[in-house]
Amino acid sequence: MIKNRKLAAPYLVWMVVFILVPLAIVTYFAFTDKAGNFTLENLMIIGQYSTVFVRSLLLAAEATVICLVLSFPVSYFLSRQRAAKQKIFLMLVMLPMWMNFLLRTYAWMSLLENNGIINRILGFFGIGPFQMIYTSGAVVLGMVYNFLPYMILPLYTAMTKIDNSVIEAAQDLGAGMFKTLTKVLIPLSAPGIATGITMVFVPSVSTFIISRMLGGGSNMLIGDLIELQFLGNSYNYNLGSALSLVLMVIVLLCMSFTNGFDDEDMEGVV
Amino acid sequence: FAAEDKIQVTEDISVSADYDWTRFKGQNVSLNVYNWGLYISDGSDESVDVISAFEELTGIKVNYTTFDTNESMYAKLKSGGASYDVIFPSDYMLGKMANEGMLLPLNKENIPNLAGISELYLDKEYDPGNVYSVPYMWCMVGITYNKDMVDEADLEQGWNLLWDPRYTGQILQFNNSRDCFAMALKTLGRSMNPTSTQDIDDALVKLQEQKPLVQAYVMDEVFDKMEGGEAALAPYYTGDGLTMIAENPSLGMFIPEEGTLQCVDAMCIPASSQNQEAAEMFINYMCEVDVALQNTLFVQYTSPVEAVRELLPAELRDSELMYPDPELIERSEYPSVISDELNSAMDMAWSQMKSFDDTGNQWLVPVFLLVAIAMTVFNVWRRRARKKRRQMY
Amino acid sequence: MSKIVSLQNIVVGFDGENVLNGLSLDIHDKEFVTFLGPSGCGKTTTLRVIGGFVQPSSGNVFFDGQDITNLPPYKRQVNTVFQKYALFPHLNVYENVAFGLRLKKMDEKEIRSRVLEMLEVVGLKGFERRDTTNLSGGQQQRVAIARGLVNHPRVLLLDEPLGALDLKLRKEMQLELKRLQQAMNITFIYVTHDQEEALTMSDTVVVMKDGNIQQIGSPIDIYNEPENAFVASFIGESNIIDGIMLRDFCVEFAGNEFACVDKGFAHNELVQVVIRPEDIQVVPAIQGQLTGVVKEVIFKGVHYEMRVEQAGYEWIIHSTQASAPGELIGMCIGPDEIHIMTRTEG
Amino acid sequence: MSKIVSLQNIVVGFDGENVLNGLSLDIHDKEFVTFLGPSGCGKTTTLRVIGGFVQPSSGNVFFDGQDITNLPPYKRQVNTVFQKYALFPHLNVYENVAFGLRLKKMDEKEIRSRVLEMLEVVGLKGFERRDTTNLSGGQQQRVAIARGLVNHPRVLLLDEPLGALDLKLRKEMQLELKRLQQAMNITFIYVTHDQEEALTMSDTVVVMKDGNIQQIGSPIDIYNEPENAFVASFIGESNIIDGIMLRDFCVEFAGNEFACVDKGFAHNELVQVVIRPEDIQVVPAIQGQLTGVVKEVIFKGVHYEMRVEQAGYEWIIHSTQASAPGELIGMCIGPDEIHIMTRTEG
Amino acid sequence: MKKQHLAALQKVYLCLIFSFLYVPIAVMMVFSFNESKSRTLFTGFTLKWYQSLLHNEMILEALWLSLVVAFLAATVATILGVMASIGISGMKKRTQGVINTVSYLPVVNPEIITGVSLMMLFVVYVNIAHWLNSNPSVPGFLKFLPENIFGFGTLLIAHITFCVPYVIFNVAPKLRRMDVRMYEAALDLGCNPRQAFFKVVLPELMPAILSAFLISLTYSIDDFIISYFSCGTLQTLPIAIYSMTRKKVSPEINALSTIMFVAILCIILVSNALESRSYRKKRIKE
Ligand SMILES: Nc1ncnc2c1ncn2[C@@H]1O[C@H](COP(=O)(O)OP(=O)(O)OP(=O)(O)O)[C@@H](O)[C@H]1O
Ligand SMILES: Nc1ncnc2c1ncn2[C@@H]1O[C@H](COP(=O)(O)OP(=O)(O)OP(=O)(O)O)[C@@H](O)[C@H]1O
Ligand SMILES: [Mg+2]
Ligand SMILES: [Mg+2]
């Protein structure tokens, strides 16, 4: 019973029917035109969208790096708290994810607008107003805000596995704070870093709501582009499928680079 | 009107008596109605709930859901993702769907209230002879402006106002390629409907020129933005303009003299509908004067039902925005159905415009891919090597 | 021998409770010092105070005459071998050992020669490229030691380094550690709760209990002349009986008078008497100073362990000859074998 | 005494390698049997064969005369105390112990009385409602034992139940387990790699190596008459020297002839001689049968351990008197203390 | 001295990060009590949005649907995922890797891809069913496939599909680390394999299963895009919210979010309190 392989059968069927087959359909559409004939044109067209790709990747990378830098100390501090406290803090990290994604982003709009809360407060002190919303900074901020927990959690999981004595050992051997960080802490939390990067980078690349709401829609990201194919004038799902396919390949490459699909690393992410 | 001609459904709604509203009673019929969000008087904000009145009147259960863009509605229907009985597409989408055979021709005998619809809104090019549609709401595209921020004299410029560098960073633009291109084409002195790829290319240049001035490309966020005084200028639909002005009196709206787009959201029955007759009853009901009045009051768009105008409060009845000068209407165009090819070109141009200010070239994607592949290969090789090394001991 | 580490009135508290209550201690250079005590008595804490990982709430730590109480760990000339090794899992054996040297920005060649030399010393030549996680406990242990020693610390702290090893390996490593200490000629401060280990390896044993030092002395002193019942019972099995010191060289216990070699107690002072199980001679019942009934006999290989009841007290006796359970036997105790302590509780 | 468990030609292989090679063994009722051997020799596997967790690839298991080779674990009248207890963390002490009884759909009252009785036997009265995860190692251990015993199995299997405990607690628990076995009057099959433990507790010791049985016998037999060098060295420290059996009662080793009590070997047969460290008498150099130089002296509390070099061989001697390192001493070995074995490798 | 500084710094930093996480939520909650519809200017306190929320049938219906779907999807996904984890744990390392990789796809795929691809699958099915049902040359007994599948069923399937991987990634590692001896001990004490699973293995996995369930619930309640393409004519809460933005987000939604947030907070606090109380009780007894 405990290792009964048959138990996986329902899921395997499910997986094939509802994960693999749909992706096969996407692939099929990516390589056909509207009439159903084989074509590579969809993929060729993508070259013309290179700026969109580059910008998306850059923005996502930026957001990922910021998330990483912000989360690293948080996760470290959390992992060194007492067990009871850790639980509470973890809950606090997870809790915002329970709010509707759109509404959270909306709240940021209220904060960042020219007449928004922040500018009002600053104006009270006679500073500003600053143009904050509709900049790429705001988009990155939105990504960081929405995906920060996805970085904190895997990092935290990795760091709880680091024994305090290993850190002390490094100090004992003459490593100051900085050296301890670079030579021990970072290498040892590498699996968490890798998972965190994937978990932040992927949704950042493919988001379109954030860029629309906080970026004012003036900069198109891959997510917008895909959405445009399915929900745009031309209703070109062949091109949409091709774009999806390319994005998926990029994402999978990133992932195969960071971790080898080990579910151990996924723990605590989700 | 004589009382005996009417059936009183609720306090505010009476419907004509010479129509058999009750023929589906007790048959457990239900209708799937797919409308724009907040586009019907639904009982919120002390309004009248017209749907429950319909249900009460006819015994038909209405399953009312909403969409947010024509395209998402289209995508859903096109894919066969759902079967609806009544949908509310806009003009060009309606035409496209009709062309693609996605709509059922209406049986006009079941919609006697069609007679009450103003000629102004009937028999347009998107649906000649109104074979497939009955107009539900009508509006034009105008420009909302904030009186505190915009010099009223500038309004003379018409559409070119949106290209005025003095308002850099204070202009909101449609986040919708169709409307944007229409405006650009208008400033070029052409039809608002692109007819060739040349049109699209030229409009693109125009839009790229405008981009540095634009604060954001928005759709419904425009309400918040304009009401909150975030921006000075924003082209939007007249009905929504009225709503904004009601919220913030320092806002105004004008319709450029050179002409503009006019839009109709119409009621249609998709080909997949199982209850055509009941759907037609619903459409007929929506054209009842009382119902149309309540909807107009709630939505603030112009109702094609002629009798409504008289019943409206004075400020709406006389509003230039709700009932513009017929000459102006004459000069305006409906968005037309355009070919797939032009649509693709427009989408492409649109995304080019959106990603315009950055430098970058086509080679970046392949280069990126190559780098990623190289890194993966390196990674795999490294892992292998490490494994081998471990096995050596 | 000069003092190398000196603790003065160290007080350490966690959560309002004192774990160390004003502990003072001098450790001499090039000695092998062992802290011995039951779990939770504060051994690790003392070691961490010396290593700099715990700040005492009062008291001072001197190293070579200098006050280092506020010096951070990475500036102390002290290295530690942690309770569970704390090897760096992301580095191989070589890199683990080289870690400290790398931080000193030493020349790569020099590092290489020192690491290889040290690995040879601990018997891990040829293991340089191995992952530490795949090593056996004993090998990991040696890597940890090499990692500490390669920095040429003046003092090496070892916190139960053999705790996780099995008995056989433990015994081997004990000897090896002792040899290493002598070869390197530096001070080892060693923590254990295993008394046999402490006796085997140490020059000086510090017996602790509840954050206080009970006795400091050489293994032989501690074993043969325990200062109180706690030390006596903690260091090896003992019979501890209440007695009265009738006069110098004469003590009464178990209802009998015995000659002994202790003096200087007050007349009729209440004392405790410690007698090691192997120091009791079993003789025929009539010849015994005491007689008792054998309750239980256990074969222990080298000897039999017998539990003998005499007047309500259960004696433990180790003897190479077994008596049958139920048999009446006599017990003789020589004056040399009787250790007298002032009576304490517990 | 009747046979209760009988293994016949058990072969178990993992990954193509045989872990047990045709092992045969009879275990008698109400005995305390210990499997002793180095890590990885197949002790746990043997136990799991008896428990039903491992299916032998050939051979049969008999229980009370019946073949149970193919009976699943939950149908065997055998209970197991697992290597790391395997208590159910989601159940408290009471529920852990009651687990087996609950499955038998026993009356709740009866369960209650049996569980409480059993908890009293193992000294955990009043711990019923405690979470098992908060218990100390020794207490957890006792819960595990109670959980097994409460089902009144005919045989209790124990897999290194004391492995995780510290020395002092281990010694206490050893005695307690032995008492428990006698009180319950059932068969205990016990696995350990600690020879002292095996000697202390067992009626019969089974010494294993590489999936084979080396010797079966009482602790005294095993200690005093090891059948081969492996057993000798595994059971206690030993000096094992190659020798030649010159004739009955006379053996030559270390360059000298010795009288002994063994006979029946072939003329000039090559043998191995086992001499326990405590059986060598230290005498002045001139009086010794052998003379050697003291290399190292270690105080062990009860005795000193000396390593003495004599003609290239290092003798281990336990003596209550210490000689100084470097001193030349003599060694005497009585005929009784010399154990002769046919020579094997290893 | 230095350590204290560090501790203070740590506190300040954590405070900053958590306020970063919570400020927007606080804004949302505060403005759910705002008199006017403005999102940036607080004009006065009112509870009217809460009142009108109670009368907004569309939102309430959507909420109800969302909750039902979320609970069902989370439950089915949890059962499916736990079974799968157990099954997978018995497989070879290589097979496990493949399955993990595939399971990982819905997690890393942009939602729109998952949504659209599932929709396409359903459409393909509908086409096949339609062809079977309408083609006269197909024997009658094959004409049983329903054509009108879009709706609750497809919505549920979509939600289950993207929830199961999260369950697997939560449960499988725990299962792998679980001591097999626990299971063997149960067998030893007389459980048959089925009993052993339900009495020992399952309770042992319970924390992981619970958190997997909660995560599934969260994702399911929050999901918009995938639902949008598979819900047919139904409307879940996020879809209602999104389509409402035709004008603007009504403060009613703020009110709803506030209520949900507070409800969740309460559940968490209560469960934590219960846990710590039972823990304390235990300690007192010692
Ligand atoms: N960081 C800490 N926080 C709170 N209490 C602690 C801390 N470190 C140690 N203690 C407590 O201080 C006491 C002494 O601990 P210490 O680790 O010094 O004991 P020990 O003698 O090393 O024991 P062991 O043999 O079990 O390692 C224990 O009661 C322990 O619970
Ligand atoms: N399930 C298994 N799969 C593969 N090999 C196994 C398995 N169980 C045991 N072995 C191997 O069988 C051999 C004997 O194992 P066993 O557990 O019986 O040893 P042991 O005597 O109990 O050792 P220890 O004292 O370390 O517990 C070992 O080499 C071990 O690696
Ligand atoms: Mg300690
Ligand atoms: Mg074992």
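Remember, it's a predicted structure, so these values are computed and weren't measured experimentally. Each chain gets a letter, A, B and so on, in the order the sequences are listed, and its residues count up from 1. Basis for what follows: all heavy atoms, side chains included, without hydrogens, waters or symmetry-related copies.
Interface remark: C:Ile235 contributes no atoms to any contact with chain D (heavy atom separation under 4.5 Å). Within the 4.5 angstrom heavy-atom criterion, only side-chain atoms of D:Glu296, from C-beta onward, approach chain C. Within the 4.5 angstrom heavy-atom criterion, no atom of D:Ile222 approaches chain C. In this structure, chain D has heavy atoms under 4.5 Å from both the backbone and the side chain of C:Ile220.
Residues forming a ring-ring contact (aromatic ring centres under 6.0 Å, His included) with C:Tyr313 (at least two apart in sequence, or on another chain): C:Trp315. Looking at residues two or more places apart in sequence or on another chain, you find a side chain to side chain donor-acceptor pair (under 3.5 Å) between D:Asn228 and D:Gln214. By the salt bridge (Lys or Arg N to Asp or Glu O under 4.0 Å) test, C:Glu314 pairs with C:Arg307, sequence neighbours left out.
Taking all atoms of both residues into account, the shortest heavy-atom contact from D:Thr200 to C:Lys300 is OG1-NZ, 3.3 Å.
Using non-hydrogen atoms only and a strict 4.5 Å limit, no part of residues 318-327 of chain C faces chain D.
The local environment of CD in C:Gln281 is sparse, with at most 12 non-hydrogen atoms from other residues, nucleotides or ligands closer than 6.0 Å.
Ranked by heavy-atom pairs under 4.5 Å with chain C, the first of D:Pro219, D:Ser218, D:Pro277, D:Gly301 is D:Gly301. Listed options D:Arg276, D:Glu278, D:His303, D:Met201 were ranked by heavy-atom pairs under 4.5 angstrom with chain C; first place goes to D:Glu278. If you tally non-hydrogen atom pairs under 4.5 Å between each of D:Leu175, D:Asp194, D:Leu199, D:Asp279 and chain C, the highest count goes to D:Leu199.
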